[in-house]
Amino acid sequence: MDLLSLSSGLLYAAFVIYLIAVIFFAATIKDKQQTKQFTLMNKLAIATTILGFISQACYFITRWMASGHAPVSNMFEFVTFFGMMLVLAFIILYFIYRIELLGLFALPIALLIIGYASMYPKEISPLVPSLKSHWLYIHVTTVALGEAILAASFVAGIIYLIHQIDQSKNTKQTRWLEIIMYSICATLGFVLITTVFSAMDYNATFSYVVDEEEFTLEYQLPALFGPDNGELTSEDRMDAIFTTPGWMHGAEAPRKLNTLVWSLSVGLLLYLLARVILRKRLAAAIQPLLKKANPELLDEVCYRAVAIGFPVFSLGGLIFAAIWAQEAWNRYWGWDPKEVWALVTFFFYAIFLHLRLSRGWHGEKSAWLAVIGFAIIMFNLIVVNLVLAGLHSYA
């Protein structure tokens, strides 16, 4: 077992301990003995989480030593580091606020992110010329740290919303909460479907011609969307059902769109299956576990995480990024998809802080903003990388 697998196992174990502790706590502690047992379980859970983080850090260090450069140069490395920083953010917030419920949500989200990372190529490869710079680890690690802290605001925000919103009625708020639950299922769907077909060693190759030059494209999932004028060259493999829309540019666009559609479809299947088993909305099933949550404290965590994460992200995602862009491409700004969405993220969280401090947007409004902000971050991380092509497509 490698260090990353060990870390994931420890984080999963910590999540299970938190889940058992929260279920036990939700049933109402009646005496000092039960209080002592609950405290012991929380100590065991945070200790296991810390061991998981140490394993992640050791993996990061050993990969750095093996590659000779900071292991944040491709999607596998960046997303893995992002998941590690989210675990670190949770550990810090736990020791400041002592909110056990954060672990119930932060750890599975971190595990999903790490699982998402594991679907990308893990091989250590030489850096492309534009990445051979000390700005690689300065810019990318700062961005990942800032986004992880901002993700912690989402964790506090989603707990606040599930706790506060009346789940007995079918309202706009409950419907949006279910969309969030489905999005989490879609991420899990991506991890599951890619794991299954990877275990089957599935591979299909398409050939296609662009400007009289022939290219090949390999699929690791059955092709729902194939390249324009593409021809399947692998035997005993499913041919593409649809052609990738012409507005999607880039050699990898057909494969990325195919992966996205598979993830959304499997995620929908998982969500519907959960609804059938639970016989209620997912958020309604989770709500009883959160009845001991402190809304005011969750609101404070949501705000503090943004207040800290926003300047860190701004420093790494805009200032350091612009300096490196000038060094690598001789321009500070070029409207690359990644640059555009970094700017969108910056403006959104700037508006978040403005509304919070100047307009008094506390509580539910603030929590919804935290959720939307995390959706923007994940859109940048998943959709921009899977669908849109640009100068940052190093995966």
- Query: Among F206, W262, F242, which residue meets the ring-ring contact (aromatic ring centres under 6.0 Å, His included) test with F225?
  - Reply: F242
Closest contact, heavy atoms only, [X] versus [Y]:
{"X": "F15", "Y": "G103", "answer": "CD1-O, 4.3 Å"}
{"X": "A148", "Y": "A89", "answer": "O-CB, 4.1 Å"}
{"X": "L86", "Y": "A151", "answer": "CD1-CB, 3.9 Å"}
{"X": "A106", "Y": "F90", "answer": "CB-CB, 4.0 Å"}
{"X": "I162", "Y": "M181", "answer": "CD1-CE, 4.2 Å"}
{"X": "A14", "Y": "A45", "answer": "CB-O, 3.6 Å"}

- Query: Listed by chain and number, what are the salt bridge (Lys or Arg N to Asp or Glu O under 4.0 Å) partners of E77, not counting sequence neighbours?
  - Reply: R63
- Tell me, please, which residues at least two apart from E300 pass salt bridge (Lys or Arg N to Asp or Glu O under 4.0 Å). R304
What I'd like to find out is whether the side chain of [X] reaches to under 4.5 Å of the side chain of [Y], using heavy atoms alone.
{"X": "R98", "Y": "I46", "result": "no"}
{"X": "I99", "Y": "L93", "result": "no"}
{"X": "L11", "Y": "I114", "result": "yes"}
{"X": "T259", "Y": "S263", "result": "yes"}
{"X": "T216", "Y": "T233", "result": "no"}
{"X": "Y94", "Y": "L102", "result": "no"}
{"X": "R237", "Y": "L232", "result": "yes"}
{"X": "F81", "Y": "P71", "result": "no"}

Please table the atom pairs, donor to acceptor, closer than 3.5 Å between any side-chain atom in residues 188-197 and protein atoms at least two apart or in another chain.
unit_1: T194; atom_1: OG1; unit_2: F190; atom_2: O; d: 2.6
unit_1: T194; atom_1: OG1; unit_2: V191; atom_2: O; d: 3.2
unit_1: T195; atom_1: OG1; unit_2: V191; atom_2: O; d: 2.6

Determine all donor-acceptor pairs shorter than 3.5 Å in which one atom belongs to a side chain in residues 352-360; sequence neighbours excluded.
unit_1: R356; atom_1: NE; unit_2: H362; atom_2: ND1; d: 3.4
unit_1: R356; atom_1: NH1; unit_2: D299; atom_2: OD1; d: 2.9
unit_1: R356; atom_1: NH1; unit_2: D299; atom_2: OD2; d: 3.4
unit_1: R356; atom_1: NH1; unit_2: S366; atom_2: OG; d: 3.1
unit_1: R356; atom_1: NH2; unit_2: D299; atom_2: OD2; d: 3.0
unit_1: R356; atom_1: NH2; unit_2: H362; atom_2: ND1; d: 3.2
unit_1: S358; atom_1: OG; unit_2: H354; atom_2: O; d: 3.4

- Item | Partners passing side chain to side chain contact (heavy atoms under 4.5 Å, CB included) against L40 (at least two apart in sequence or in another chain) | none
Whether the side chain of [X] engages the backbone of [Y] through a donor-acceptor N/O pair (distance < 3.5 Å, no angle test) should be reported.
{"X": "S7", "Y": "L3", "answer": "no"}
{"X": "Q56", "Y": "M85", "answer": "no"}
{"X": "Y182", "Y": "L264", "answer": "yes"}
{"X": "N258", "Y": "G226", "answer": "no"}
{"X": "T174", "Y": "N170", "answer": "no"}
{"X": "E218", "Y": "T205", "answer": "no"}

- Note on the structure: Applying side chain to side chain donor-acceptor pair (under 3.5 Å) to D166 and not counting sequence neighbours gives S168
- Task: Could you pull out all residues at least two apart from W368 that satisfy side chain to side chain donor-acceptor pair (under 3.5 Å)?
- Result: E364
- Hydrophobic cluster mates of I61, side-chain heavy atoms under 4.5 angstrom, ILVMFWY only, any path? M65
- Task: Please collect all ring pair (Phe, Tyr, Trp, His ring centres under 6.0 Å) contacts where either partner lies in residues 142-178, sequence neighbours excluded, each pair once.
- Result: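 Every ring pair (Phe, Tyr, Trp, His ring centres under 6.0 Å) pair that includes a residue of residues 142-178, provided the two are not neighbours, is F154-F374.
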- For residues 140-159, pull every pair meeting side chain to side chain donor-acceptor pair (under 3.5 Å), keeping only residues two or more places apart or in separate chains. none
- Query: Would you find more than 12 non-hydrogen atoms of other residues, nucleotides or ligands less than 6.0 Å from F348 atom CZ?
  - Reply: yes
Would you give me the side-chain donor-acceptor pairs under 3.5 Å for residues 268-284, sequence neighbours excluded?
unit_1: Y271; atom_1: OH; unit_2: E178; atom_2: OE1; d: 2.6
unit_1: Y271; atom_1: OH; unit_2: R275; atom_2: NH1; d: 2.8
unit_1: R275; atom_1: NE; unit_2: K280; atom_2: O; d: 3.2
unit_1: R281; atom_1: NH2; unit_2: Q167; atom_2: O; d: 2.3
unit_1: R281; atom_1: NH2; unit_2: K169; atom_2: O; d: 3.3

- With under 30° as parallel and over 60° as perpendicular, where do the rings of W341 and F379 fit, or are they tilted in between?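 Plane angle between 30° and 60°, so tilted.
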- Here the salt bridge (charged side-chain N to carboxylate O under 4.0 Å, His left out) pairs for residues 79-95, sequence neighbours left out, are none
